[in-house]
Amino acid sequence: MNLVLLPGNSLSNKEWIEKISDILDCFFVKKKILYYKHWGSRENIIDIDYELNKLQKIDKNFDDYVIFAKSAGILLTMKGVFEKKINPQKCVFVGTPVSWARKHGFDADSWIREFHVPSLFIQHNKDPYFSSDELSKFLAKGDLSKFTIVLLKGSDHDYPEFDEIHSLVREFVVK
């Protein structure tokens, strides 16, 4: 199995996703981190269509892959599945930012209704971009039989729980 890693919107997520890549290395044959174009420009928000085009190219070159995404990377994945442009086997989502998505005009509410990929959602109970309670209600719009939710104590959107994430991914992907 292969791994595609999609970071959050901010350049500050680059180091975080690279650390995640390192700690998950033992579970996957090949890995690919998608680095966003807007990180090198003056734009503040991900160009989701541009990045989806890049992700589609990775999809064509990777068989049997898992997407590990944080924040904006989750939105990118949901849109790609919704538009039938990508086909991951499983997804691990950390810090689902639905309130941020709505604020920036991303249609996460429609995307979740068609989202069918078995997915592990890891969320801080008081994440400022979407609490764990809000996430549970949001996921009820989709196929709950495909989703596993793990709630972590926290009130930020940083997710420094690397050991716990490692164990959760092992349990979800390797089983």
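Judged by the 6.0 Å distance and 45° axis criteria, Lys70 is positioned over the aromatic ring of Trp16. The side-chain tip of Lys90 points at the ring of Phe172 from less than 6.0 angstrom away and within 45° of straight on. Remark: Lys19 qualifies as a cation-pi partner of Phe162 under the 6.0 Å distance and 45° angle criteria applied to the six-membered ring.
Using a cut-off of 4.0 Å between Lys/Arg side-chain N and Asp/Glu carboxylate O, Asp107 and Lys79 are scored as not salt-bridged.
Taking the six-membered ring for Trp and thresholds of 30 and 60 degrees, Tyr35 and Trp39 have ring planes more than 60 degrees apart, a perpendicular arrangement. Taking the six-membered ring for Trp and thresholds of 30 and 60 degrees, Phe121 and Phe93 have ring planes more than 60 degrees apart, a perpendicular arrangement. Phe27 and His166 have tilted rings, their planes meeting at an angle from 30° to 60° on a 0 to 90° scale.
Contacts of Asp63 classified as salt bridge (Lys or Arg N to Asp or Glu O under 4.0 Å), with partners at least two apart in sequence or in another chain: none. With sequence neighbours left out, Tyr50 forms a side-chain contact (heavy atoms from CB on, under 4.5 Å) with Lys37, Asp47, Lys54.
Here the side chain of Asp59 pairs a donor or acceptor atom with the backbone of Asn87 at under 3.5 angstrom.
Side-chain contact check for Tyr129 and Gln123: no donor-acceptor pair (N or O, by modelled atom type) lies under 3.5 Å.
Shortest non-hydrogen contact noted between Leu34 and Glu51 is CD2-O, 3.9 Å.
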Subject >> Evaluation steps, side-chain contact (heavy atoms from CB on, under 4.5 Å), between Ser136 and Asp133 >> reply: CA-CA 5 Å; Ser136 296; Asp133 289 341; 5.5 Å; no
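Rounding to the nearest 0.5 Å places CG of Leu75 at 6.5 Å from CH2 of Trp100.
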